[in-house]
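So that the names make sense, note that chain A is the first sequence line, chain B the second, and so on, each numbered from 1.
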Amino acid sequence: MAMSELVYGLLFTSMVAVILAGFVCSTAGVYVVRMNLTALGFTMSHAAFAGAAFAIWRGFNPTVGALIFAVATALILGPVAEKARLKADVMLGFLFSLLMAMGFMFLNFAPGEAASSVALSIIWGSIFTVSAADALALAVLATVVVLFTVGFHKEIMATLFNRKLAESTGVHTRAIYYSVLFLTGLAVAFSLELVGGLLVFALIINPASTAYQFSNDMKQIIWMSPIIGIVTSMVGFVISWVTDLPTGSTIIIVSAITLAVAIAISPKRKRGGLKGAIPQAAVQ
Amino acid sequence: MVTDAVVMEDVSVVYEGERIAAIHQVDLEIPSGQFVTVLGPNGAGKTTLLEAINGLLPSTSGRVKVLGFDLATEGREVRKRTGYVIQNFALDPLDPFLCRDVVMMARAARIGTLRFPDEGDWDKVDQALEAVCMTAFAGRPVGKLSGGEFQKVLLARAMAQEPDLLLLDEPFANLDIDARREALRLLERWREDQDITVVMVSHDISKVPRACDRIVVIDKGRIVMDGPRNEVLASEDLTRLFGAWGDGDE
Ligand SMILES: Nc1ncnc2c1ncn2[C@@H]1O[C@H](COP(=O)(O)OP(=O)(O)OP(=O)(O)O)[C@@H](O)[C@H]1O
Ligand SMILES: [Mg+2]
């Protein structure tokens, strides 16, 4: 009895964590995709991995390490990327591999058996290392994301449409830009152990990219993406639980398939064709 | 109350990485309520001048005061009250924004942080769209508009902002003759209702609106002529300049 209660308690905590991670990542994704921050976010997620590895080596909490590295990356690269002085391919080719190499180097220094299961979780993700504290941190972050999205809806919409135009009407677009970067850094750091450092960024990009396929209206995309994020995360979680497959990978495969299907059936990409077309004059 | 809407003293702008100033030692005073047309050839610095007025350019030297605010310290207050119809706007056909929302965005700063648009705000948006004959397009994504239609949406956007100063950068470049006339009439009504100052940029000497009070001509980043509309248009210097620009013998 006690044993199964323990298992279900664990299952519940992981499930809540997965849902929350799906929510925060996919909401951040809407902003990241539209603001062309994909390369920067990708770099941040690998910095988070390196940070977690560093923490394992030095013997402190990996989430804290991930957080510090991700936020530091946002602080250092944010201003450079903002002025478009750093090309995306430079970031990807140089920093991404460097951070990855650093991460594996740190893990190599980490002593002993105890570290190895945690090390595996920051690489591939694991739902069994999730603690109640991790789930709570995600819950707090989810609340912040909701408050940001609702409270600054006008400013976010204006900034997402066009930064220069938004700035010209007095919107503080830099505040929105850095808020997005920091929220993305937090989302990445808090989700790292669930899906792993190699995959966490897909959790950000896939649901948002899926939502972009279905709507011409940003207001809709902003709520569609989190729904897609939560559903794909839950479906992936359940499948992995039933089939005993690795959770992070399963979630990402489910969300990747969803995106592929969305691209295939996207109403935005459908060609009109001449059949049934009416001349413009007939309408007026 | 006749105060100056814009005061520029010794303003120069050098773009990052450039050696030549895009505008050089510009002194300009625009009284409240005036309608100024800025004429000049391509690359003269017209867009730069407008963006030096609303503070979108960071590397400006000299002093700029707009609507009583010092641009260097209170740029955001200036921009809140300044409508800007931008010249070059690359629209992506897949841009997921509806016309109505794009117009509403202009009111964001005006409505205020952590506040939401109310009925009155949406009314203003609908009125602005109606004024430019774009009501039928309110629910359409902007990516699917033609160049001229989007230009009208940008005009509506500036209008919905209810600015005290309006900066227009070639606002009629994409409009057909009817739409242009309609837009000018709209501008007139707007100026009658509210005492707004208008700075409009154009490179076309033959299309300076009759309603405009004053013409400022810039060439190579400097103000080369400045005076009442008819005087400047009649001036031989202008013909010479425009002859040199190649517009004269069209
Ligand atoms: N971002 C920039 N970086 C460097 N130089 C620039 C930049 N923008 C403009 N310039 C230069 O500054 C000068 C003035 O440009 P500006 O855009 O103000 O011209 P304009 O009068 O608006 O021309 P047009 O009629 O073509 O719109 C030009 O020589 C241009 O090459
Ligand atoms: Mg220009």
Side-chain angles (χ1 to χ4, degrees), chain A residues 30-31 33-34 36 79 82-85 147-176 179 208-225 263 266-272 280 283-284, chain B residues 16-17 50-51 53-58 74-86 88-117 121 136 139-144 154 157-158 160-163 167 169:
Chain A
V30 175
Y31 310 141
V33 169
R34 175 70 199 181
N36 282 328
E82 192 185 12
K83 293 225 168 95
R85 279 211 218 94
L147 291 178
F148 173 70
T149 301
V150 174
F152 297 98
H153 183 258
K154 310 187 295 310
E155 289 83 358
I156 291 171
M157 285 285 282
T159 308
L160 291 183
F161 177 57
N162 184 280
R163 237 187 115 167
K164 187 168 179 181
L165 270 189
E167 194 65 42
S168 83
T169 55
V171 173
H172 206 320
T173 62
R174 177 164 291 156
I176 301 291
S179 302
S209 304
T210 307
Y212 276 104
Q213 301 303 317
F214 284 111
S215 177
N216 276 319
D217 182 353
M218 184 55 82
K219 300 190 300 298
Q220 282 175 2
I221 292 170
I222 289 175
W223 62 255
M224 272 168 71
S225 178
I263 291 173
S266 164
K268 278 172 95 172
R269 281 180 210 285
K270 278 236 176 72
R271 266 181 273 159
Q280 209 182 356
V283 190
Q284 277 137 18
Chain B
E16 209 176 284
L50 288 191
E51 295 190 357
I53 291 175
N54 69 3
L56 284 184
L57 299 176
E74 293 169 301
R76 217 164 289 288
E77 293 304 314
V78 169
R79 287 190 285 280
K80 247 185 231 181
R81 296 164 175 79
T82 305
Y84 180 36
V85 174
I86 203 165
N88 299 309
F89 196 90
L91 208 52
D92 174 352
L94 292 181
D95 267 348
F97 293 87
L98 309 184
C99 290
R100 212 161 168 255
D101 294 327
V102 168
V103 175
M104 176 55 97
M105 286 168 194
R107 294 185 68 80
R110 184 179 189 87
I111 293 168
T113 313
L114 295 178
R115 286 165 176 276
F116 300 94
D121 293 306
R140 287 249 282 171
V142 284
K144 304 222 185 311
L154 285 184
R157 190 184 146 109
Q161 194 184 342
E162 299 183 273
L167 307 176
D169 201 347

Look only at the side chain of R76(B) and the backbone of V171(A), and say whether a donor-acceptor pair between them is shorter than 3.5 Å.
yes
Within the side chain of R110(B), is there an N or O that forms a donor-acceptor pair under 3.5 Å with the backbone of Q161(B)?
yes
Name the region of E77(B), side chain, backbone, both or neither, that has any atom closer than 4.5 Å to a heavy atom of chain A.
neither
Answer yes or no: is there a donor N or O on one side and an acceptor on the other, between the side chain of S225(A) and the main chain of I222(A), under 3.5 Å?
no
Against chain A, work out which of L56(B), D92(B), I86(B), I111(B) has the most heavy-atom pairs shorter than 4.5 Å and name it.
L56(B)
Select one option (side chain, backbone, both, neither) describing which atoms of V142(B) are under 4.5 Å from chain A's heavy atoms.
side chain
If you tally heavy-atom pairs under 4.5 Å between each of L167(B), V102(B), T82(B) and chain A, the highest tally belongs to V102(B)
Is a side-chain N or O of S168(A) found less than 3.5 angstrom from the main chain of L165(A), in a donor-acceptor match?
yes
Chain A interface, residue from V78(B), L114(B), N54(B) that has the most non-hydrogen pairs under 4.5 Å:
L114(B)
Might you point out which heavy atoms bring P96(B) and S215(A) nearest each other, and give the distance in Å?
CB-O, 4.0 Å
Sequence neighbours excluded, which residues qualify as side chain to side chain donor-acceptor pair (under 3.5 Å) partners of Y212(A)?
none
Chain A contact via R81(B) - side chain, backbone, both or neither, heavy atoms under 4.5 Å:
neither
Test side chain to side chain donor-acceptor pair (under 3.5 Å) on Y31(A) and T159(A); report intermediate values, then the result.
CA-CA 10 Å; Y31(A) 310 141; T159(A) 308; over 6 Å; no
Most heavy-atom pairs under 4.5 angstrom with chain B, which of H153(A), H172(A), E155(A), K164(A)?
H172(A)
In terms of heavy-atom pairs under 4.5 Å, which option from E167(A), R34(A), K154(A) contacts chain B the most?
K154(A)
With chain A, which of A108(B), A109(B), A158(B) has the greatest number of heavy-atom pairs at distances under 4.5 Å?
A108(B)
